[in-house]
Amino acid sequence: MGKIVFYEGRNFQGRHWECSSDCMDTFRHFNFCNSIRVNGGHWVAYQRPNYMGYQYILGPGEYPDYHSWMGFNNCIRSCQMFPPYRGSYRMRIFNRPDMMGQMMEFSDDCPNVYERFRYRDIYSCNVMEGYWIFYEHPNYRGRQYFMRPGEYRSCGDWGCHNPMVGSFRRMRTHM
């Protein structure tokens, strides 16, 4: 069973709220979030209600301030837990929308998309197996996008407005 605890203060201080299931709107539980403790499971925290806005992927551990989860601010307004995954990883990326243009298939992490794919922009992708995280910049930095299995016909389908992806990696959830 997974559990995530949100704290209004840094270093796990002040008002807090424990959550053990998906929550579409955290506003009634806390006003802002400056630290998080994940006691079980793997979570995606979102900047806005209804699983929208910036995404932060959180595994078990302690996050004493919003910089430690690569946060842009102290605003968390929804969260989802995702199940453990023990299978294979496979994904195809495309340099055009609707699974068109140049395609490359991956089954491992990629710290620099341009060096491997020769394109900076990923307009669509097909996640065939496993969970993945897209990062805005190389070496797993910048905005994060959680990718579940499925077809993403445009970058807007995974919540971004800019198709630039600098790196990606497999989301390992072994428990």
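None of these values were measured; they are calculated from a predicted model. Start at 1 with the first residue, then count along the sequence.
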**Item:** Ionic contact status for Asp108 with Arg116, cut-off 4.0 Å
**Value:** yes

**Request:** Please state whether the rings of Phe134 and Trp158 are parallel, tilted or perpendicular, taking 30° and 60° as the class boundaries.
**Result:** perpendicular

**Whether Tyr89 side chain and Met171 backbone form a donor-acceptor pair below 3.5 Å** = yes

**Prompt:** Is the CZ atom of Arg148 crowded by more than 12 outside heavy atoms at less than 6.0 Å?
**Reply:** yes

**Prompt:** Can the ring centroids of Phe82 and Phe146 be said to lie less than 6.0 angstrom from one another?
**Reply:** yes

**Asked** With a cut-off of 6.0 Å (strictly less than), are more than 12 heavy atoms of other residues, nucleotides or ligands near CZ of Phe72?
**Response** yes

**Request:** Classify the angle between the aromatic ring planes of Tyr7 and Phe12 as parallel (below 30°), tilted (30 to 60°) or perpendicular (above 60°).
**Result:** perpendicular

**Nearest non-hydrogen partners of Phe30 and Ile76, listed with the distance** = CE1-O, 3.5 Å

**Request:** Anything under 30° is parallel, anything over 60° is perpendicular, the rest tilted; go ahead and classify Phe168 against Trp132.
**Result:** perpendicular

**Asked** How far apart are the closest heavy atoms of Tyr51 and Ser78, and which atoms are they?
**Response** N-OG, 3.0 Å

**Item:** Shortest non-hydrogen separation from Cys19 to Cys79 and the atoms involved
**Value:** SG-SG, 3.8 Å

**Asked** Is the NZ or CZ atom of Arg92 positioned over Phe106's six-membered ring, under 6.0 angstrom from the centre and within 45° of the axis?
**Response** no

**Item:** Glu136/Arg141 salt bridge by N-O under 4.0 Å criterion
**Value:** no

**Asked** Can any side-chain N or O of Gln13 pair as donor or acceptor with the backbone N or O of Asn11 at less than 3.5 Å?
**Response** yes

**Aromatic Phe32 / basic Arg15 pairing, under 6.0 angstrom, 45° off normal** = no

**Request:** State plainly whether the residues Arg10 and Asp65 are in salt-bridge range, i.e. N to O under 4.0 Å.
**Result:** no

**Request:** Establish, for the pair Arg143 and Tyr135, whether the NZ or CZ atom is under 6.0 angstrom from the six-membered ring centre and no further than 45 degrees off its axis.
**Result:** no

